[in-house]
Amino acid sequence: MRDIQLPGRSPAHSRRAMAATSHPLATLAALDMLRNGGNAVDAAITAAALLGVVEPHSTSIGGDCFALYAPQNGKVVAINGSGKAPESATVDWFQGRGITSIDYQSPHSVVVPGCVAAWQQLSDDYGNKSLGECLQPAIASARDGYVVHSVIADEWARNFDKLSADNNSREIFLPSGAAPSAGNVHAQPALARTLQMIGEKGADGFYRGKIAEQMVEFLSGKGGLHSIQDFSETKPDYVTPISTNYRGYEVMECPPNGQGIIALEILNILSGYDLKKLEPLGIDRLHLESEATRLAFRDRAAFLADPTQTHVPVEKLLSMDYADKLRANISIEKAMPKLPAPGEAPHADTVYLTVVDEERNAISFINSIFNSFGSGLVDGETGVLFNNRGASFVIDPAHPNKISPRKRPMHTIIPGLLRKDGRTVMPFGVMGGHYQPVGHAHFLTNFLDFDLDVQEALDAPRVFAFNNELSIERGIKNNVADGLRKLGHNVRAAETPIGGGQAIWIDWESGVLSGGSDPRKDGCALGY
């Protein structure tokens with residue numbers, strides 16, 4: 001239990017239902033949907049759509065989503081709502097024009113948005129309400145205006161230059177020539193009209209007809225390769241979840257092209273250590289986590305891609321034998337000066353939310369446009385802010401993650417689900433672009449190894465080993481940072497908080513739900 005004389009918050013507790021999101025309005029909208037007869041799926045879609053309005057740097061209908069849905073008495077369902085590259089996008093096309101990498105603010109970074117199609121599919125198959133009903137809070141906020149919250153305002157201001165580069169984004173997101181401040185009211189009337197059209201016609205109102213034609217015209221005018229057919233043929237896929245056992249719990253993730261496999265690989269490596277004997281925020285624990293991260297991200301770079309177009313060795317990467325061999329490369333005495341080559345030891349911004357309804361249906365749901373404000377490209381007529389997920393593709397014909405027609409790029413966004421004895425006990429997720437699999441492992445080890453409650457496990461300071469640097473939050477003590485340097489880590493202070501997250505613990509014996517929401521965001525967990 002936290003020291004209640006120090007800053008922090010307690011978990012939220014309730015008996016009937018609960019939602020946890022990164023914005024108070026989204027949490028309230030999800031609860032309203034639950035109270036009005038909607039289930040966990042309806043509430044999640046409602047919250048995600050609203051977040052695309054009130055938290056515009058993180059998500060949009062121009063982005064992607066993944067979800068793990070656990071019906072109270074059924075098999076866990078995983079859906080991949082990530083978008084694909086245009087049919088005309090080939091390595092040869094880019095190489096023929098001397099393009100060696102995809103710029104994060106170019107139209108080539110925009111994959112065809114997949115989230116609206118995924119929302120429609122989930123609504124049709126599992127929801128109690130129509131998609132149109134779920135979109136009403138988002139429509140109202142976009143049309144009538146919403147109050148900008150503090151963390152969002154800070155991120156908005158940090159992206160002034162990016163938003164200034166595009167005429168439409170400048171007009172919509174920099175009213176009066178500046179980013180809105182906390183407490184200002186902001187509206188997006190063009191987006192409201194598009195959401196209204198989707199509400200009336202369903203996903204077809206987005207992927208076919210005037211809205212799709214306008215989006216294609218806008219992207220083509222910027223030099224993009226997108227076509228009407230690319231939009232009209234967009235659909236999500238139901239996929240088979242992947243999992244591993246950690247401390248007697250089943251940890252479930254969506255399979256590649258998402259990086260959930262990397263979270264499981266990190267947990268497999270850490271499972272070989274008795275973390276309970278270590279200080280939760282001490283040198284040894286953070287060193288081991290960082291070394292496991294470095295090895296797993298090496299595999300991410302080498303192997304992770306769209307499994308429908310290239311082989312991803314999922315079974316091998318998740319085997320405990322492979323984890324044992326990776327662990328053998330780690331020394332408690334020093335950081336690895338050089339990583340082993342992939343396979344030698346047998347390769348942004350986002351919103352995450354979770355809902356548990358009165359029937360104990362649970363959903364772990366994540367929606368994203370990748371970097372903050374995505375590509376920074378906004379179609380002024382439709383109000384759609386486009387993702388830049390395609391910048392993850394590689395312009396290399398030999399690489400598994402090479403850009404190809406109708407291919408999904410390597411994806412960072414990952415929902416998580418914890419199960420015990422065949423029942424879901426906690427939907428959870430951690431936002432933060434590349435950090436997400438590390439965040440899953442850090443959160444779960446906080447919760448399962450160090451017995452932190454669901455809120456404390458999210459609150460705890462974070463580190464992230466990436467690109468030969470170890471970023472550390474200010475909550476890490478100076479002597480710990482110095483100790484990590486002495487082990488050989490290239491330590492630097494994190495410029496901004498690392499990630500964010502939500503989780504809801506289901507106590508099946510007492511019937512109590514306990515939710516947490518990351519203080520690095522503006523949101524909250526609430527129940528009734």
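Index from 1, following the sequence.
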In terms of side-chain geometry, is the basic nitrogen of [X] or [Y] positioned less than 4.0 Å from the acidic oxygen of its partner?
{"X": "D64", "Y": "R408", "value": "no"}
{"X": "E469", "Y": "R492", "value": "yes"}
{"X": "K222", "Y": "D379", "value": "no"}
{"X": "R327", "Y": "D324", "value": "yes"}
{"X": "E213", "Y": "R208", "value": "no"}
{"X": "E233", "Y": "R406", "value": "yes"}

Flag side-chain contact, heavy atom, 4.5 Å: [X] against [Y]:
{"X": "R247", "Y": "L267", "value": "no"}
{"X": "S88", "Y": "P405", "value": "no"}
{"X": "L304", "Y": "N257", "value": "no"}
{"X": "P71", "Y": "Y69", "value": "yes"}
{"X": "L458", "Y": "F443", "value": "yes"}
{"X": "V76", "Y": "M252", "value": "yes"}
{"X": "D321", "Y": "K316", "value": "no"}
{"X": "Q121", "Y": "I79", "value": "yes"}

Judged by modelled atom types alone, do [X] and [Y] share a side-chain donor-acceptor pair under 3.5 Å?
{"X": "S22", "Y": "Q502", "answer": "no"}
{"X": "S58", "Y": "E55", "answer": "yes"}
{"X": "E133", "Y": "S130", "answer": "yes"}
{"X": "T90", "Y": "D92", "answer": "no"}

Nearest 0.5 Å, please: how far is [atom2] in [Y] from [atom1] in [X]?
{"X": "L50", "Y": "C134", "atom1": "CG", "atom2": "SG", "answer": "12.0 Å"}
{"X": "L135", "Y": "T46", "atom1": "CG", "atom2": "OG1", "answer": "7.5 Å"}
{"X": "I45", "Y": "W119", "atom1": "CD1", "atom2": "CH2", "answer": "8.0 Å"}
{"X": "L377", "Y": "S169", "atom1": "CG", "atom2": "OG", "answer": "7.5 Å"}
{"X": "D396", "Y": "S101", "atom1": "CG", "atom2": "OG", "answer": "12.0 Å"}
{"X": "T382", "Y": "L385", "atom1": "OG1", "atom2": "CG", "answer": "10.0 Å"}

Do you know which two heavy atoms are closest between [X] and [Y], and how far apart they sit?
{"X": "H440", "Y": "A263", "answer": "CB-CB, 4.0 Å"}
{"X": "L191", "Y": "I61", "answer": "CD1-CD1, 3.7 Å"}
{"X": "A292", "Y": "I269", "answer": "CB-CG2, 3.8 Å"}
{"X": "A465", "Y": "T293", "answer": "O-CG2, 3.4 Å"}
{"X": "P256", "Y": "P307", "answer": "O-CG, 3.1 Å"}
{"X": "R298", "Y": "L339", "answer": "CB-CD1, 4.1 Å"}

Under 6.0 Å between ring centres: does that hold for F393 and H108?
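Here the rings of H108 and F393 have centres that are no less than 6.0 Å from each other.
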Do [X] side-chain atoms and [Y] backbone N/O form a donor-acceptor pair below 3.5 Å?
{"X": "N159", "Y": "W156", "value": "no"}
{"X": "N367", "Y": "T59", "value": "no"}
{"X": "Y207", "Y": "P113", "value": "yes"}
{"X": "Q436", "Y": "G433", "value": "yes"}
{"X": "E291", "Y": "M336", "value": "yes"}
{"X": "N128", "Y": "G38", "value": "no"}
{"X": "S404", "Y": "K407", "value": "no"}
{"X": "T21", "Y": "H23", "value": "yes"}
{"X": "N387", "Y": "G62", "value": "yes"}
{"X": "D518", "Y": "K521", "value": "no"}

Ring-plane angle category for [X] and [Y], please: parallel below 30°, perpendicular beyond 60°, tilted otherwise.
{"X": "H57", "Y": "F373", "result": "tilted"}
{"X": "F466", "Y": "F297", "result": "perpendicular"}
{"X": "F231", "Y": "H226", "result": "tilted"}

Verdict with reasoning, N361 to V356, per side-chain contact (heavy atoms from CB on, under 4.5 Å)
CA-CA 6 Å; N361 303 304; V356 178; over 6 Å; no
Tell me whether the count of non-hydrogen atoms from other residues, nucleotides or ligands lying under 6.0 Å of NZ in K210 goes above 12.
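Result for NZ/K210: open.
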Could you check S368, S375, S82 and say which one makes a side chain to side chain donor-acceptor pair (under 3.5 Å) with R389?
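The side chain to side chain donor-acceptor pair (under 3.5 Å) with R389 is passed solely by S368 among S368, S375, S82.
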Using the side chain to side chain donor-acceptor pair (under 3.5 Å) rule, take S372 and E155 through it: C-alpha gap first, then chi angles, then the decisive distance, then the call.
CA-CA 8 Å; S372 190; E155 187 67 23; 3.0 Å; yes
Could you walk me through whether S243 and E253 pass the side chain to side chain donor-acceptor pair (under 3.5 Å) test, one step at a time?
CA-CA 6 Å; S243 66; E253 302 275 356; over 6 Å; no
Applying side chain to side chain donor-acceptor pair (under 3.5 Å) to N268 and S271, what does each step give before you reach the verdict?
CA-CA 5 Å; N268 283 347; S271 69; 5.1 Å; no
Are R520 and R462 close enough, and set up right, to give a side-chain contact (heavy atoms from CB on, under 4.5 Å), and what steps lead you there?
CA-CA 11 Å; R520 297 165 182 83; R462 296 167 177 161; 3.4 Å; yes
May I have the step-by-step check of ring pair (Phe, Tyr, Trp, His ring centres under 6.0 Å) for Y352 and F365, ending in yes or no?
CA-CA 6 Å; Y352 172 80; F365 195 103; 8.7 Å; no
Going through the checks in order, is the side-chain contact (heavy atoms from CB on, under 4.5 Å) test met by H411 and S392?
CA-CA 8 Å; H411 236 280; S392 295; over 6 Å; no
Test side chain to side chain donor-acceptor pair (under 3.5 Å) applied to Y238 and N80, step by step:
CA-CA 6 Å; Y238 285 118; N80 183 333; over 6 Å; no
Determine, step by step, whether V351 and I366 satisfy the side-chain contact (heavy atoms from CB on, under 4.5 Å) criterion, reporting the C-alpha distance in whole Å, the side-chain angles of both residues, the deciding distance to 0.1 Å, and the verdict.
CA-CA 6 Å; V351 294; I366 198 158; over 6 Å; no
